[in-house]
Amino acid sequence: MELLTPAIGLIFWNTIIFLIVLFILGKWGWPVITKGLRKREQDIKNSLLAAEDAKQEMEKLKAGNEELLNQARQERDNILKEAKQTSNQMIEQARQSAKQEAENIIEQAKQDIISEKEKAVKEVKSQMAQLSLDIAQKVLEQEVENPQRSEELIKKQMEKLSFR
């Protein structure tokens, strides 16, 4: 039973040792421990705040990236639209140029036809004049010799002209 009921001396010395340990811990141990706990608590708070700031910064960056992406898409669409307009304008200009060139060629061909026609008419007139001179010469030669013969010659020459 002695083990169950401690002696008064044991209780006294245990109490004194406990008080000494309590005093030493109170004087030098707990301030260091509480200071370390407070520092750790502050570090955890700072880390949480830094994480929250980083999270907000990431959200801002994400929103900024979305904005930049939207702007890039819009700029791409504008560039494609401008390129399409430019190509349409170039096609229309080429079409107008080809049309103008075709009109110029047609007009030149008409001018050439008119020129050739006038040239042909002049040539026909020249040949007619030559034929008239030939007829007149033959008529005069024949008239001097025989008036009846000159009439026949004129008729023959007229028939030749109508067949040509």
Side-chain angles (χ1 to χ4, degrees), residues 25-164:
L25 285 175
K27 185 77 172 165
W28 292 287
W30 283 331
V32 173
I33 292 172
T34 56
K35 181 180 177 185
L37 288 175
R38 284 191 196 115
K39 184 177 184 296
R40 180 168 168 93
E41 181 182 5
Q42 189 63 36
D43 288 344
I44 291 172
K45 284 181 184 178
N46 289 342
S47 295
L48 288 174
L49 288 174
E52 186 65 31
D53 289 345
K55 183 179 176 183
Q56 289 175 357
E57 187 67 28
M58 288 298 290
E59 288 176 5
K60 287 179 185 177
L61 287 174
K62 185 178 178 182
N65 286 343
E66 287 294 323
E67 179 72 26
L68 286 174
L69 187 60
N70 288 337
Q71 287 176 354
R73 285 180 183 148
Q74 191 174 31
E75 188 172 329
R76 178 202 63 201
D77 292 342
N78 288 340
I79 289 171
L80 289 175
K81 183 180 176 183
E82 288 176 12
K84 187 174 183 178
Q85 287 176 346
T86 302
S87 69
N88 288 341
Q89 287 175 348
M90 290 175 71
I91 289 170
E92 186 60 30
Q93 286 176 350
R95 188 176 290 138
Q96 291 295 330
S97 176
K99 184 178 179 181
Q100 184 65 35
E101 186 67 26
E103 288 175 0
N104 289 344
I105 290 171
I106 290 170
E107 188 61 33
Q108 184 62 38
K110 286 179 181 178
Q111 293 294 331
D112 290 346
I113 290 170
I114 291 171
S115 173
E116 289 296 320
K117 182 180 175 183
E118 288 175 357
K119 189 176 176 183
V121 167
K122 284 181 184 179
E123 190 175 319
V124 167
K125 285 181 181 180
S126 173
Q127 287 177 357
M128 288 294 288
Q130 185 62 40
L131 283 174
S132 296
L133 286 175
D134 288 345
I135 291 172
Q137 182 183 3
K138 287 182 182 183
V139 167
L140 285 177
E141 285 175 3
Q142 292 295 324
E143 191 174 304
V144 172
E145 292 175 12
N146 185 358
Q148 190 178 14
R149 177 104 169 116
S150 18
E151 281 183 31
E152 287 176 17
L153 185 60
I154 290 173
K155 285 182 183 177
K156 281 184 184 178
Q157 291 299 323
M158 290 300 256
E159 285 176 11
K160 282 184 183 178
L161 286 177
S162 63
F163 286 117
R164 287 188 180 180

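Sequence positions, counted from 1, serve as the residue numbers for this chain.
With sequence neighbours left out, the side chain to side chain donor-acceptor pair (under 3.5 Å) criterion links Gln42 to Asn46. Residues forming a salt bridge (Lys or Arg N to Asp or Glu O under 4.0 Å) with Glu92 (at least two apart in sequence, or on another chain): Arg95.
Within the structure, the salt bridge (Lys or Arg N to Asp or Glu O under 4.0 Å) test picks out no pair touching residues 63-86 (sequence neighbours left out). For residues 47-61, there are no salt bridge (Lys or Arg N to Asp or Glu O under 4.0 Å) pairs, not counting sequence neighbours. Residue pairs that meet the side chain to side chain donor-acceptor pair (under 3.5 Å) test with at least one member in residues 101-114, sequence neighbours left out, are Gln100-Asn104, Glu107-Gln111, Gln108-Asp112. Judged as a salt bridge (Lys or Arg N to Asp or Glu O under 4.0 Å), the pairs with a partner in residues 34-44 (not counting sequence neighbours) are, in order, Lys39-Asp43, Glu41-Lys45.
Thr86 contributes atom OG1, which lies 11.5 Å from atom CD1 of Ile79 (distance to the nearest 0.5 angstrom). Taking CD of Gln71 as the reference point, atom CG of Leu69 lies at 10.0 Å (rounded to 0.5 Å). How far CG of Asn65 is from CG of Asn70: 11.0 Å, rounded to the nearest 0.5 Å.
Shown here for Pro31 and Gly26, the closest heavy-atom pair between the two residues is CD-O, 3.4 Å.
Just one of Lys122, Glu116, Lys117 meets the side chain to side chain contact (heavy atoms under 4.5 Å, CB included) condition when paired with Lys119; it is Glu116.
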